[in-house]
Amino acid sequence: MSFRVPSKVLLDDAAAILQRGIAAIAAGEHVIDLADVTASDSSLVACLLAWRRAAQSRGTQLSVGNPSERVRGLAALYGVEQIALG
């Protein structure tokens, strides 16, 4: 099972999506699925980093599936592609 990130992750949406992802990780999810993401900004990268920290604090290995080229590019731009996307 995985946490499916909604289609839009922008600054206005990020806080709520971040909390939903953290709750999913706390409930045992260990896959973040980005397949539905069609609009994003650096807020998604921040969420990915926070979800990794949340998983690590629980001793859980987190994987990220289906990142788009845009998401990969944003993570690379900030120098966190390997950390954020694994």
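Because the structure is predicted, anything quoted here is derived from the model rather than measured.
- The OH atom of Y78 lies 15.0 Å from the CD1 atom of I83; values are rounded to the nearest 0.5 Å.
- Side-chain atoms of E29 come within 3.5 Å of backbone N or O of S2 as a donor-acceptor pair.
- Listed here is the closest heavy atom pair of A75 and V45: N-CG2, 3.9 Å.
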For the pair E81 and R72, evaluate side-chain contact (heavy atoms from CB on, under 4.5 Å) and give the outcome as yes or no after the intermediate values. CA-CA 6 Å; E81 185 176 14; R72 286 188 181 283; 3.6 Å; yes
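- Both W51 and V9 sit in one connected hydrophobic cluster of ILVMFWY residues. Membership requires side-chain heavy atoms under 4.5 Å apart, directly or through other members.
- Among residues two or more places apart in sequence or in another chain, the side-chain contact (heavy atoms from CB on, under 4.5 Å) test is passed with A35 by R4, D33, N66.
- Of all heavy-atom pairs spanning V71 and L48, the tightest one is CG1-CD1, 4.2 Å.
- Hydrophobic clustering of Ile, Leu, Val, Met, Phe, Trp and Tyr side chains at less than 4.5 Å, counting indirect connections, keeps L77 apart from L85.
- With a 4.5 Å cut-off on side-chain heavy atoms, S43 and D13 do not count as touching.
- Distance CZ/R70 to CG/L34: 13.0 Å, rounded to 0.5 Å.
- How far CD1 of I22 is from SG of C47: 8.0 Å, rounded to the nearest 0.5 Å.
- Closest of all the heavy-atom pairs between R52 and V64 is NH2-CG2, 3.6 Å.
- Here L11 contributes atom CG and D41 contributes atom CG; the two are 6.5 Å apart, rounded to the nearest 0.5 Å.
- A side-chain contact (heavy atoms from CB on, under 4.5 Å) with L44 is found for one member of L10, V37, L74 and no other, namely V37.
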